[in-house]
Amino acid sequence: MSSPALADFPALLRGAGLRVTTQRVHVLDALRRLPHSSADTVFAGIRDSLPGIAAGTVHGILNDLTDAGVVRRVSLPDVGSALYELQGDDNHHHLQCVQCGRVEDVPCAIGAAPCLHPSHDHGMRILEAAVTYRALCPECERNGNG
Ligand SMILES: [Zn+2]
Ligand SMILES: [Zn+2]
């Protein structure tokens with residue numbers, strides 16, 4: 001997926017109809033540096049450059065950015081908290097190591113959402129297939145886990 005530079009974030013926020021704030025730009029920059037981060041990880045990544053910011057503020061910003069479509073919330077199996085990443089205009093899926101939790105992006109299996117179609121849709125219109133490839137990363141494989 002494309003990763004916008006720091007200077008692009010104000011335009012990104014304005015394009016989504018959001019007010020540009022230093023805190024929002026820092027949250028977006030943290031997700032550029034650390035994709036698939038929990039709110040706590042984002043908080044830990046920006047608290048040094050934004051003294052005084054509260055964890056609750058970061059949660060609120062992530063919710064606003066998700067609602068505005070700037071950020072995508074990812075729920076993965078066995079991961080207690082939601083993870084966040086910048087919303088690209090792709091429909092990528094995730095490879096997840098079942099041992100250490102490492103997460104990598106992989107391109108959509110077919111091309112565009114919903115990518116995969118079930119054999120029966122029960123009359124529902126499919127929006128997307130949220131595919132998680134459960135895997136073992138090379139390090140965990142070498143360490144003999146699994
Ligand atoms: Zn691993
Ligand atoms: Zn991703």
Side-chain angles (χ1 to χ4, degrees), residues 1-50 53-118 121 124-146:
M1 62 180 285
S2 59
S3 38
L6 188 56
D8 296 338
F9 290 138
L12 192 69
L13 288 167
R14 274 191 292 270
L18 292 173
R19 205 159 45 84
V20 178
T21 68
T22 308
Q23 295 180 336
R24 282 175 174 161
V25 169
H26 274 78
V27 166
L28 289 170
D29 186 53
L31 291 177
R32 182 177 58 80
R33 285 182 282 119
L34 307 161
H36 316 116
S37 286
S38 67
D40 289 341
T41 306
V42 172
F43 175 57
I46 65 175
R47 61 192 307 181
D48 287 344
S49 29
L50 289 175
I53 192 170
T57 306
V58 172
H59 276 90
I61 290 173
L62 285 167
N63 281 333
D64 291 346
L65 294 175
T66 303
D67 288 348
V70 177
V71 163
R72 173 178 169 191
R73 186 185 283 124
V74 186
S75 302
L76 295 176
D78 304 330
V79 178
S81 42
L83 304 179
Y84 297 87
E85 64 184 354
L86 297 177
Q87 175 72 280
D89 41 18
D90 61 349
N91 177 51
H92 71 263
H93 304 305
H94 293 106
L95 263 173
Q96 178 193 28
C97 176
V98 298
Q99 287 290 338
C100 68
R102 172 178 161 193
V103 176
E104 298 291 343
D105 287 344
V106 287
C108 179
I110 306 293
C115 173
L116 301 172
H117 295 266
D121 63 14
M124 297 189 198
R125 185 167 62 89
I126 309 298
L127 302 174
E128 65 164 346
V131 178
T132 303
Y133 299 96
R134 308 268 279 154
L136 265 181
C137 74
E139 286 75 25
C140 291
E141 191 101 82
R142 254 198 307 279
N143 295 336
N145 300 315

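For ligands, and for the atoms within them, numbers begin at 1 and follow the listed sequence. Computed from a predicted structure; not experimentally measured.
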Rounded to the nearest 10°, what angle sits at the Zn ion (ligand 1) between SG of C97 and SG of C140? 110°
Are more than 12 heavy atoms from other residues, nucleotides or ligands located less than 6.0 Å from atom CZ of R47? no
H36-Q96 side chain donor-acceptor pair, cut-off 3.5 Å: no
With a cut-off of 2.8 Å, does any N, O or S atom of D105 fall short of it relative to the Zn ion (ligand 2)? yes
On a heavy-atom basis, which atom in I61 and which in V27 lie closest, and how many Å separate them? CG2-CG2, 3.8 Å
Taking the Zn ion (ligand 2) as the vertex, how big is the angle to NE2 in H92 and OE1 in E85, rounded to 10°? 100°
Shortest non-hydrogen pair, S49 vs H26, comes out as OG-CD2, 3.7 Å
Are any N, O or S atoms from H94 nearer to the Zn ion (ligand 2) than 2.8 Å? yes
